Amino acid sequence: MKVEDVKKLREETGAGIMDCRKALEESNGDFEKAKELLFKKGIAKAEKKAQRATKEGLIDAYIHLGGRIGTLIEVQCETDFVARTDDFRKLVKELLLQITAMAPKFISKEDIPEEILKEEKERIKMETGMENEEKINEYLEKFYSENCLLEQPFIKNETIKVKDLIASVIAKTGENVKVRRFVRFELSE
């Protein structure tokens, strides 16, 4: 194992040197597998931090296509120190681009009003003729990935979801990060 590989892995993931070294050892020097291992560990760390209060953060905006589409977002973290970091600011910019491009209606599955979910289930039943709740839930996953920001594939790397992108920033910063709210405007919509 080369010191350069450990250093490069640390730069790309934000993980600690010992974690990078251990991941490279576990993956027998395979850089991509090591990144994947660290990413999975980062998600585990993110889940532990999910209950911590977020009272700081940023409100940011993005205007696209000559003023035809605009997005405003509030992303929260635990401290103003993290809110000023490049990783956090980059995440906010990435989320703005995601919302502008993919037009989600909700932040997460939990934010979908019960009546909309019920309507969607009825629509699926009508279109497919299915009554099996398990099969309907499979169709709902597509609905979630189209309408919930956190469930959408990340536009710059469709192998991960937006919630995984946020989890990687949580792992890097060591703080809880949450999308509190967003709004997307499109001319004539």
Side-chain angles (χ1 to χ4, degrees), residues 13 27 30 32-33 35-52 54 57 59-77 90-171 176-189:
T13 64
S27 65
D30 185 324
E32 290 305 314
K33 279 186 181 177
K35 275 175 67 173
E36 196 173 303
L37 283 169
L38 288 171
F39 184 68
K40 286 178 181 172
K41 288 179 183 178
I43 290 172
K45 288 179 186 177
E47 288 171 0
K48 290 178 188 174
K49 297 174 190 315
Q51 302 307 316
R52 294 180 12 190
T54 54
I59 294 174
D60 205 351
Y62 174 73
I63 306 298
H64 186 69
L65 290 175
R68 298 194 61 80
I69 300 173
T71 304
L72 187 64
I73 191 169
E74 179 181 355
V75 182
Q76 295 182 321
C77 58
K90 182 180 178 195
L91 172 67
V92 172
K93 294 292 185 197
E94 298 289 5
L95 292 172
L96 283 166
L97 292 175
Q98 178 79 25
I99 294 164
T100 302
M102 301 304 291
K105 293 173 180 59
F106 311 100
I107 295 171
S108 68
K109 295 177 188 180
E110 295 76 26
D111 295 331
I112 301 172
E114 193 60 43
E115 62 272 5
I116 290 177
L117 207 49
K118 188 176 177 182
E119 286 174 18
E120 185 61 21
K121 285 181 181 181
E122 288 302 316
R123 186 191 66 75
I124 292 168
K125 285 179 186 178
M126 294 290 288
E127 286 181 9
T128 64
M130 283 187 213
E131 292 294 326
N132 182 335
E133 196 67 30
E134 195 173 301
K135 290 286 186 187
I136 290 171
N137 286 338
E138 287 176 22
Y139 278 87
L140 276 178
E141 288 303 316
K142 184 175 187 252
F143 175 78
Y144 296 144
S145 72
E146 291 171 354
N147 293 285
C148 300
L149 174 66
L150 299 181
E151 299 301 320
Q152 289 182 330
F154 178 46
I155 58 174
K156 290 187 176 179
N157 178 0
E158 292 190 1
T159 63
I160 65 170
K161 292 182 177 183
V162 171
K163 66 182 175 184
D164 301 327
L165 175 69
I166 294 170
S168 70
V169 172
I170 292 170
N176 191 15
V177 174
K178 289 184 180 176
V179 177
R180 180 159 181 267
R181 57 188 165 171
F182 67 85
V183 65
R184 180 184 182 274
F185 297 100
E186 189 166 349
L187 203 60
S188 301
E189 189 176 85

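The structure displayed is predicted, hence computed values, not measured ones.
Residues Ser145 and Gln152 come closest through the heavy atom pair O-CG, 3.0 Å. Across all non-hydrogen atoms, the minimal contact from Val179 to Ile107 is O-CD1, 3.5 Å. The heavy-atom pair separating Leu96 from Thr100 by the smallest distance is O-OG1, 2.8 Å. Leu140 and Lys121 make their closest contact through CD1-CE, 3.6 Å (heavy atoms, listed as atom of the first residue, atom of the second, distance). Here the closest non-hydrogen pair linking Ile166 and Leu95 is CD1-CD2, 4.3 Å. Heavy atoms only, all atoms of each residue included: Pro104 and Leu149 are closest at CB-N, 3.7 Å.
Distance check, rounded to the nearest 0.5 Å: NZ of Lys178 to CD of Gln76 gives 8.5 Å. For the atom pair CD1 (Ile73) and CG (Leu91), the distance works out to 8.0 Å, reported to the nearest 0.5 Å. Expressed to the nearest 0.5 Å, how far CZ of Arg68 lies from OG of Ser188 amounts to 6.0 Å. In this structure, Ile69 CD1 and Tyr62 OH are separated by 8.5 Å, a value rounded to the nearest 0.5 Å. A distance of 7.5 Å separates OG1 of Thr71 from CD1 of Ile63, quoted to the nearest 0.5 Å. Between atom CD of residue Glu32 and atom CG of residue Leu37 there is a gap of 11.5 Å, rounded to the nearest 0.5 Å.
Side-chain contact between Ile112 and Phe143: present, with at least one pair of heavy atoms (C-beta onward) separated by less than 4.5 Å. Between Leu97 and Phe154, the closest side-chain pair of non-hydrogen atoms is not below 4.5 Å. Contact check for Lys156 versus Gln98: no side-chain heavy atoms found under the 4.5 Å cut-off.
Partner Ile136 forms a side-chain contact (heavy atoms from CB on, under 4.5 Å) with one of Glu131, Glu122, Lys125 and no other, that one being Lys125.
A salt bridge links Arg123 with Glu127: the distance from a Lys NZ or Arg NE/NH1/NH2 to an Asp or Glu carboxylate oxygen falls below 4.0 Å. Using a cut-off of 4.0 Å between Lys/Arg side-chain N and Asp/Glu carboxylate O, Lys142 and Glu146 are scored as salt-bridged. One finds a salt bridge joining Glu141 and Lys109 here, because a Lys/Arg side-chain nitrogen approaches an Asp/Glu carboxylate oxygen to under 4.0 Å.
Heavy-atom contacts from other residues, nucleotides or ligands closer than 6.0 Å to CD of Glu134 number 12 or fewer. In this structure, Tyr139 places its OH atom where only 12 or fewer heavy-atom neighbours from other residues, nucleotides or ligands lie under 6.0 Å away.
In this structure, Arg184 contributes its side chain and Ile99 its backbone to a donor-acceptor pair below 3.5 Å.
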